[in-house]
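In what follows, a structure is listed as structure tokens, so that the remarks can point back to it.
Per chain, numbering begins at 1; letters A, B, ... match sequence-line order.
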There are 2 protein chains.
Amino acid sequence: MRSYGQYCALAKALDVVGDRWTLLIIRELLIRGGCRYTDLRDGLPGIATNLLADRLRELEHHGIIYLEDAPPPVATTLFHLTERGKELETVIQKLGTWGAPLLATSSRGDAFRTHWLVLPLQHNLIDRSPNERPVSVEVRTGDEILTLFTEGGRVRVDLGARPHHNAVIHGAPHLVMALLLGKMELASAKAAGLKFNGDQKVLRRIKPVSTSVS
Amino acid sequence: MRSYGQYCALAKALDVVGDRWTLLIIRELLIRGGCRYTDLRDGLPGIATNLLADRLRELEHHGIIYLEDAPPPVATTLFHLTERGKELETVIQKLGTWGAPLLATSSRGDAFRTHWLVLPLQHNLIDRSPNERPVSVEVRTGDEILTLFTEGGRVRVDLGARPHHNAVIHGAPHLVMALLLGKMELASAKAAGLKFNGDQKVLRRIKPVSTSVS
DNA sequence: CCGGATCCGGGTTGATACTG
DNA sequence: CAGTATCAACCCGGATCCGG
């Protein structure tokens with residue numbers, strides 16, 4: 001992208017991360033940590049492969065990501081965020097919070113990846129009973145499985161299943177989000193097709209930070 | 001901009017404000033309030049007039065701005081942010097904070113407008129002695145004049161001069177910012193060409209929030 | 001299969017000129 | 001003052017190809 005050429009911090013930030021796809025690439029790296037080229041392409045449906053290669057080059061040049069030559073058995077290069085790159089998490093969180101209301105009117109043809117739920121869930125959920133024993137919830141939606149678990153008053157969200165969990169939520173992404181973010185009661189969500197098994201007390205314990213939307 | 005087509009709040013936000021120039025237009029409206037078309041063009045050096053017209057149309061369509069037909073004496077249309085548009089201030093503040101370190105290595109040919117300093121100053125300065133009588137500082141840099149004044153523990157930054165002020169700072173933008181944001185001592189700033197007249201105590205009273213950069 | 005590079009058609013941007 | 005019109009240059013998306 002051509003530089004705005006303005007002596008302004010916002011313009012300078014956009015010179016680096018204002019390109020199309022750039023912030024979405026950083027979203028992927030924030031969620032998943034080190035990624036292979038193909039992992040990124042899978043998490044960014046619609047991106048052209050030459051654009052992904054271009055963006056990764058620019059991001060490395062700007063010190064936002066670095067490349068790791070993974071040792072054998074994998075023998076591939078992994079892309080990681082630098083510390084400077086990780087500092088973009090607050091930017092992405094604010095943009096996501098602002099954009100969350102737009103999901104309500106989302107078109108049905110939208111692509112979806114389960115791991116996209118990690119950041120909004122992690123930013124909005126807290127453990128209301130941090131002194132009781134830890135609990136975890138398995139979330140089955142889309143093509144992958146997420147696990148929510150309490151940890152030090154916070155709620156961590158990880159990709160993949162765990163051997164133990166106190167409850168399982170299974171259903172369409174918007175129903176899962178509406179239930180967990182307190183926009184819908186369990187009964188309504190079930191009526192809309194969501195399935196819930198296990199201890200319902202976890203829903204009173206894992207709650208959104210406030211009445212916030214995203 | 002073509003939609004990313006992803007069921008993700010970040011992608012939806014970028015569908016609306018991810019276009020080139022869009023966030024800079026919102027910056028202008030945040031700083032100055034209602035603007036005429038020409039005000040916006042002047043505050044966005046480098047933008048093509050057809051792009052400005054396109055972006056304003058899209059922003060109105062998305063409910064980020066609205067048009068006001070200013071009554072005579074001015075008899076022109078003014079562009080305003082809606083409440084939804086004003087909610088982007090936190091996004092812009094985070095992006096600006098992230099981008100602030102990039103100003104250090106800024107090229108000398110960058111365009112500059114004095115009012116671009118309003119948001120970074122207002123976000124980073126507080127009144128360390130909110131119970132004493134209010135003070136104000138006139139800042140002369142670039143082509144316009146700013147006035148800083150304490151108000152309820154905060155520091156407000158407005159465009160234009162005031163009849164009364166306790167001190168005047170006059171010099172290059174980067175020196176003004178370095179002094180006010182605590183990155184440079186007054187003596188060093190003066191040695192670099194900054195001029196300071198009036199009560200130096202205001203510099204111990206109007207201070208950056210922390211050691212933050214932007 | 002992985003990590004791209006190359007090519008091409010179409011859409012977007014930027015500069016300038018022009019108009020009500 | 002507030003845009004529209006025009007057009008060249010650039011960028012994007014999709015497809016294909018290629019070396020490890």
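Which of C/dA15, C/dT13, D/dC12 sits closest to the side chain of A/D19 comes down to D/dC12. The side chain of A/R20 has D/dC12 as its nearest neighbour among C/dG14, C/dG4, D/dC12. Nearest nucleotide to the side chain of B/A53, out of D/dG3, D/dC12, C/dG14: D/dG3. Each of D/dT6, D/dG13, C/dC2 was ranked by its minimum atom distance to the side chain of A/T38; first place goes to C/dC2.
Side-chain N/O atoms of A/W21 include one lying less than 4.0 angstrom from OP1 or OP2 on D/dG13. Taking side-chain N and O atoms only, A/R41 has no distance below 4.0 Å to OP1 or OP2 of C/dG4.
The number of heavy atoms from other shown groups lying within 6.0 Å of CZ (B/R84) is above 12. Enclosure of atom CZ in A/R162 by more than 12 non-hydrogen atoms of other residues, nucleotides or ligands within 6.0 angstrom is indicated.
Positionally, the nearest nucleotide of DNA chain D for B/T49 lies more toward the 5' end than for the other of B/T49 and A/R55. Both A/D54 and A/R2 lie close to DNA chain C; mapped to their nearest nucleotides by heavy-atom distance, the more 5′-ward contact belongs to A/D54.
Classification of the B/Y66-B/H80 ring pair by plane angle, with boundaries at 30° and 60°, yields parallel.
As rounded to whole Å, 15 Å separates atom P of C/dT13 from atom CG of B/L44. Rounded to an integer number of Å, the gap from CG of A/L67 to C1' of C/dG4 is 12 Å. The nearest whole Å value for the distance from the CG atom in A/N50 to the C1' atom in C/dA5 is 9 Å. At whole-Å resolution of the value, CD1 in A/I47 and C1' in D/dA15 are 16 Å apart. For the pair A/D39 CG and C/dG4 P, the interatomic distance rounds to 13 Å; values are reported in whole Å. Across the protein-nucleic acid pair, B/Y37 atom OH and D/dC1 atom P stand 13 Å apart, rounded to whole Å. D/dC12 atom P lies 11 Å from atom CD1 of A/I25, rounded to whole Å. The distance between atom CG of B/L52 and atom P of C/dT13, rounded to the nearest whole Å, is 13 Å.
Judged by distance alone, with hydrogens and angles left aside, the side-chain atoms of A/S3 form no donor-acceptor pair with the main-chain N or O of A/D15 at under 3.5 Å.
Between the side chains of B/H123 and B/E89, at least one donor N or O lies within less than 3.5 Å of an accepting N or O.
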